[in-house]
Peer 1: 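Structure below; questions to follow.
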Amino acid sequence: MATASATTPTIAQVRAYTVRGKGADYHDQSGYHWIDDHIATPMSIYPEYRRSRQSFGINVLGTLVVEIEADDGTVGFAVTTAGEIGAWIVEKHLARFLEGRPVTDLERIWDQMYRSTLYYGRRGVVLNAISGVDLALYDLLGRLREEPVYALLGGPVRDELQFYATGARPDVAKELGFIGGKMPLHHGPAEGEEGLRKNLDALADMRSRVGEGFWLMWDCWMSLDVDYATRLAGRAAEYGLRWIEEALIPDDYWGYAQLKRQVPAGMLVTTGEHEATRWGFRQLLETGIDIIQPDVGWCGGITELLKISAMADAHGTMVVPHGSSVYSYHFVVTRTNSPFAEFLMMHETAEEIVPMFAPLLLGEPVPENGRLRVPDTPGFGVELNPEVERTRPFTH
Ligand SMILES: C[C@H](O)[C@H](O)CC(=O)C(=O)O
Ligand SMILES: [Mg+2]
């Protein structure tokens, strides 16, 4: 039974597509790319998987595109990382909770998607799929109301966003106007003292290029243990490391609490891109870390991120979402505890600015001089590029 007024459009159909290469699966790059150049990971304990993350399958999922069509023909869409498995979940399981419902039923739809998948979901690809549906629903609602998503979230608290850049070249990021540069860590504990020295040498070299004051951070992509992370952070303080990100595997909440106690004063401990839902982030917030970094395309979408963010605010913790382009920007601009945003440099050598999800979206905005005024185009303000081939592997 519908809960909204008779004039509220209802959802006519939910469709899920997949796309291969680049797009929302930004690790799915071909040829040389800094993002696949000997980056430390949980798999680095196995020498044969050290050189390339694609070698262990970081790009197996691919992009999921969720389209939601209202009964007046308006279509909203969103993209995330989930590929065919996500498309199956959307078509065969989640669509039933949307079709026939008012487009305004965001909370009920989210709750039903989450509760109905608990027996095989809770995190990971199921939450990616739920996020994709939630974001597509926000896009649809914005298009129907002819408002940008940030207006649906209560409106902006600042005129423009400020960005730090993630990539191999913080020195170039500085020239491009970013407030900081986050570099991948290349060597994990299995590469011993020599690897530790190489990590520190890379940081020292980058500090000498960018000078004092410019933020430098390390993205450790779940590759370390508490002992190594503590030693690395202790020695990195000399080079002014601003934060150490995702040092440990996401399930090691106790390790994060210990690391937070052990890093040098003033160095921030951050993580959260592979965490999901208010319950996951509640555990993370209790560790006392400084910044949580949910990915809105993976943590449960905007509906869940609003809850996570309110909880973080009450803990005095900043929320600086992981990547996710427009899906993050419309959120960050509305929150006082999200003071800046991440821009992932998807250019192969991180020397030029290209849209994060290129070539999948048309109208995807990018920072200029490290700043961006979020466009006021309805929904998330982007369109699917018709030249990118997509497939609908399942129907319902
Ligand atoms: C660079 C990191 O290893 C990863 O590819 C992206 C990431 O974790 C981040 O942007 O944060
Ligand atoms: Mg990261």
Side-chain angles (χ1 to χ4, degrees), residues 22-29 32-44 49-61 63 80-81 128 163-170 172-173 178-188 199 202-203 206 215-224 229 232 241-250 256 259 268-276 281 284 289-299 318-325 327-329 332 338 340-350 353-357 366-367:
K22 303 188 179 189
D25 193 349
Y26 59 90
H27 289 120
D28 196 11
Q29 304 288 336
Y32 173 81
H33 200 288
W34 71 265
I35 209 156
D36 201 26
D37 186 9
H38 198 125
I39 291 178
T41 78
M43 289 293 281
S44 301
Y49 293 114
R50 259 178 217 160
R51 197 189 52 76
S52 156
R53 295 196 281 190
Q54 290 194 10
S55 70
F56 69 76
I58 195 170
N59 58 335
V60 291
L61 288 173
T63 294
T80 184
T81 327
N128 293 16
F163 290 85
Y164 77 87
T166 296
R169 296 296 302 273
V172 175
F178 290 95
I179 56 173
K182 187 174 81 188
M183 305 177 284
L185 187 82
H186 288 289
H187 307 282
N199 285 333
L203 177 63
M206 196 49 74
W215 292 0
L216 284 179
M217 297 78 95
W218 254 329
D219 190 316
C220 307
W221 214 74
M222 310 172 271
S223 61
L224 310 182
L232 188 70
L241 189 74
R242 183 85 180 106
W243 78 58
I244 181 162
E245 173 171 322
E246 218 185 14
L248 313 173
I249 58 167
Y256 277 107
L259 182 61
L268 309 180
V269 175
T270 75
T271 194
E273 67 191 69
H274 296 107
E275 189 56 84
F281 279 95
L284 210 46
I289 61 161
D290 300 284
I291 300 179
I292 57 165
Q293 301 166 306
D295 185 305
V296 65
W298 303 342
C299 75
M318 283 184 276
V319 181
V320 179
H322 170 249
S324 281
S325 185
Y327 303 111
S328 285
Y329 306 161
V332 171
S338 294
F340 53 89
E342 173 180 20
F343 185 73
L344 247 162
M345 300 286 282
M346 292 318 303
H347 180 260
E348 53 265 43
T349 56
I353 292 182
V354 294
M356 183 185 165
F357 291 145
V366 294

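Both ligands and their constituent atoms are indexed starting at 1 by order of listing.
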Peer 1: Which ligand 1 atoms are under 4.0 Å away from a heavy-atom of Ile35?
Peer 2: 5 (O)
Peer 1: Quick one: does Glu245 get within less than 4.0 Å of ligand 1, heavy atoms only?
Peer 2: yes
Peer 1: At a cut-off of 2.8 Å, list the protein N/O/S atoms near the Mg ion (ligand 2), residue plus atom name.
Peer 2: Asp219 OD2, Glu245 OE2, Glu273 OE1
Peer 1: Measure centre to centre between the rings of His187 and His38, then say whether the value is under 6.0 Å.
Peer 2: yes
Peer 1: Among protein heavy atoms, which lies nearest atom 7 (C) of ligand 1, and at what distance?
Peer 2: Asp219 OD2, 3.0 Å
Peer 1: For the residue pair Leu203 and Met183, establish whether any side-chain heavy-atom pair is separated by less than 4.5 Å.
Peer 2: yes
Peer 1: Under a 4.0 angstrom heavy-atom cut-off, which atoms of ligand 1 come close to His27?
Peer 2: 4 (C), 5 (O)
Peer 1: Taking the side chain as every heavy atom from C-beta outward, state whether Phe343 and Ser325 have any pair of such atoms under 4.5 Å apart.
Peer 2: no
Peer 1: In terms of side-chain heavy atoms, does Asp295 have a donor or acceptor partner in Ser324 at a distance below 3.5 Å?
Peer 2: yes
Peer 1: Pairs of nitrogen or oxygen atoms closer than 3.5 Å, one from Tyr26 and one from ligand 1: do any exist?
Peer 2: no
Peer 1: Of the side chain and backbone of Glu246, name the one, both, or neither that has a heavy atom under 4.0 Å from an atom of ligand 1.
Peer 2: neither
Peer 1: Considering the options Gln54, Gln29, Met345, which one meets the side-chain contact (heavy atoms from CB on, under 4.5 Å) requirement together with Ile35?
Peer 2: Gln29
Peer 1: Measure from the ring center of Trp298 to the ring center of His322 and say whether it is less than 6.0 Å.
Peer 2: yes
Peer 1: Decide if the gap between the ring center of Trp215 and the ring center of Phe340 is smaller than 6.0 angstrom.
Peer 2: yes
Peer 1: Show the atoms of ligand 1 that are less than 4.0 angstrom away from any heavy atom in Leu344.
Peer 2: 10 (O)
Peer 1: Among all protein heavy atoms in this structure, tell me which lies nearest to atom 10 (O) of ligand 1, with the distance rounded to 0.1 Å.
Peer 2: Glu342 OE2, 2.5 Å
Peer 1: In sequence, state the C-alpha distance, the side-chain angles, and the governing distance for Tyr329 and Phe163, and then conclude on ring pair (Phe, Tyr, Trp, His ring centres under 6.0 Å).
Peer 2: CA-CA 10 Å; Tyr329 306 161; Phe163 290 85; 5.2 Å; yes
Peer 1: With a cutoff of 4.0 Å, is Gln293 in contact with ligand 1, counting heavy atoms of the residue only?
Peer 2: no
Peer 1: To the nearest 0.1 Å, how far is atom 3 (O) of ligand 1 from its closest protein heavy atom, and which atom is that?
Peer 2: Arg53 NH1, 2.9 Å
Peer 1: Ignoring hydrogens and angles, state whether a donor on the side chain of Ser44 or Tyr49 is under 3.5 Å from an acceptor on the partner side chain.
Peer 2: no
Peer 1: Judged by modelled atom types alone, do Asp36 and Ser52 share a side-chain donor-acceptor pair under 3.5 Å?
Peer 2: yes
Peer 1: Relative to each other, are the rings of Trp221 and His274 parallel, tilted or perpendicular (30° and 60° limits)?
Peer 2: perpendicular
